[in-house]
There are 2 protein chains.
Amino acid sequence: MTVHPDNSTCQNCNQRFNSIFCKANEDHINQINDQKICNVYKKGQTLFNEGSHPFGVFCVSDGKVKMSHLGDDGKEQIIRLVKAGDILGYRALLSGERYSASAEALEDTQVCFIPRDLFVKILKLDSNLAFDMMKLLSDELHRAEVKLTHLAQKPIRERLAETLLFIKETYGYEPDGVTLNVRLSREDIANLVGTATESAIRLLSEFKKDGMIDLEGKKIKIMQAKELLRTANIQD
Amino acid sequence: MTVHPDNSTCQNCNQRFNSIFCKANEDHINQINDQKICNVYKKGQTLFNEGSHPFGVFCVSDGKVKMSHLGDDGKEQIIRLVKAGDILGYRALLSGERYSASAEALEDTQVCFIPRDLFVKILKLDSNLAFDMMKLLSDELHRAEVKLTHLAQKPIRERLAETLLFIKETYGYEPDGVTLNVRLSREDIANLVGTATESAIRLLSEFKKDGMIDLEGKKIKIMQAKELLRTANIQD
DNA sequence: CTGTAAAAGTGACAAAAGTCATTTATTTAT
DNA sequence: ATAAATAAATGACTTTTGTCACTTTTACAG
């Protein structure tokens, strides 16, 4: 991971005006800056595990993280993809519960940890931040409810197409304008779609044969976004 | 529906200390009482529809409501069961979006409408309420994520057992101590489980044959909760 | 009441998706 | 650079679940 000297303070963080703290006042930003603990997680490393206690929230300044539940039979279900500027770990903290999901770095990722008490204090003092937090939770709830409905009602083919578009929305393209800007294993893709790895592999091959995508190892290129959207069959 | 004269003010509402407003101060309760608009919805009537604008939140003082998404192919997915003491309509309001779900009374239901501006104002002034709201959203998000995982990974038999236990948790039993205190159509049950109506019917019959439940029209009696729990195969 | 519509229930069949075994390719560590 | 481990791909097969057509039962309006 590149070292970002200008990035080591919250004031100069490249996500300063991109995160939920964008509207926070200088005083609060300074307090966060004083108490934050920065950390780099290598690809595959775990930020926290399902079942452990939350002691604060994580703020991602660079990198990518997946959050997942372990199903009752040990199969992973990915419930969220986290990008730079996002925070994570707030759900359990605000519920007053242990983590219900695990978080794992998808690539080398730079994260600042904000202690619980400070986060809660600022949330109490800054009602705008509290409203932004409620909006964030409401938006996530919406996403979860839509996903839940699609899992119950849509065939895997449509869900895979939707998932690819979702990855595009979340992480965007590489400079070439077609390659998804993240490397996911076929298993991760399957765990995002909610299907068996083999089924995901087969359908990806079909999508390639149909010319909608192109596959080069873990690189996925979106060749026909429109056709993919049609395949996803999204009406909302 | 029985008329509750003592129930017509928030101060005397039988859900006064059961709702999210239980810790609100007297002044705020008085303001809510002054501005609230009470209404009775008959069974089958709609409180609001997916796609329309939220102008406030609903507080249920008596009755039961289902909230559901319409899937892309027109099939309904029930995403929440609402009981007396619960509020509804807050998700869209806090997101600043239109309703993403519809709400329909499952039986005659008494509801108070709290205007948007008042709700937001009190939320801004009372940080405890704001935190309770964040907790509510976080809990709902957790529920949605668990449900999403189960939809992706568990067979319908397990999900139906889980759904019956969920209905029990939500609405409890009638005085006999075994009959679920709500009448749902087979279609509603299927839309809660996320399956075809015929599959739900078949499995309910199996559960009855196995002695776990008893069916009398729309009455469902839980005969062996433990066996049902084992069938649900829940590890968390 | 009683006819009509809606809901519940059933069977046969088709489609979708998962599982298992095996091969091939790609990483990774030494 | 190369062996070993891990991931991807593929085929055959099974299981699960959905669909359609139909019968029976229940609810309800006139």
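Please read these numbers as outputs of a predicted model, since none were measured by experiment. Chain identifiers are assigned alphabetically (A, B, ...) following the order of the sequence lines, protein sequences preceding nucleic acid strands; residue numbering begins at 1 within each chain.
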Nucleotide nearest Ile156(A) (side chain, heavy atoms from C-beta), chosen from dA9(D), dG9(C), dG18(C): dG18(C)

Phe48(A) and Phe58(A) aromatic centres sub-6.0 Å: yes

Thr195(A) side chain near dA17(C) phosphate (N/O to OP1/OP2, under 4.0 Å): no

OP1 or OP2 of dA9(D) under 4.0 Å from side-chain N/O of Ser205(A): no

Pairwise side-chain contact, Ser61(B) with Gln110(B), heavy-atom cut-off 4.5 Å (strictly under): yes

Atom of Arg230(B), atom of Glu227(B) and distance for their closest heavy-atom approach: NH1-OE1, 2.6 Å

Rounded interatomic separation in angstrom, taking NZ from Lys75(B) and P from dT19(D): 8 Å

Length of the NZ-C1' vector between Lys43(B) and dA6(C), whole Å: 12 Å

Cation over ring face, Lys64(A) and Tyr171(A), 6.0 Å, 45°: yes

Of Gly217(A) and Arg202(A), the one whose closest DNA chain C nucleotide lies more 5': Arg202(A)

Euclidean distance, atom CD of residue Glu206(B) to atom P of dT17(D) [Å, nearest integer]: 11 Å

Spacing between Ile220(B) atom CD1 and dG9(C) atom P, to the nearest angstrom: 10 Å

Residue met sooner reading DNA chain D from 5', once Leu204(A) and Glu198(B) are mapped to nucleotides: Leu204(A)

Sugar-phosphate, base or nothing in reach of Ile201(A), heavy atoms under 4.0 Å: base

Under-4.0 Å side-chain N/O to phosphate OP1/OP2 contact, Ser199(B) with dG18(D): yes

Rounded distance (Å) that lies between atom P of dT16(D) and atom CZ of Arg157(B): 11 Å

Distance, rounded to the nearest Å, where Lys219(A) contributes NZ and dA8(D) contributes P: 16 Å

Between C1' of dT26(C) and CG of Leu215(A), the distance in whole Å: 15 Å

Working for salt bridge (charged side-chain N to carboxylate O under 4.0 Å, His left out), residues Arg143(B) and Glu140(B): CA-CA 5 Å; Arg143(B) 268 208 339 97; Glu140(B) 284 296 308; 3.8 Å; yes

Between dG18(D) (C1') and Asp73(B) (CG): distance, integer Å: 12 Å

Below 4.0 Å: OP1/OP2 of dA8(C) and any side-chain N or O of Lys218(B): yes

Any Thr197(A) side-chain N or O less than 4.0 Å from OP1/OP2 of dA7(D): no

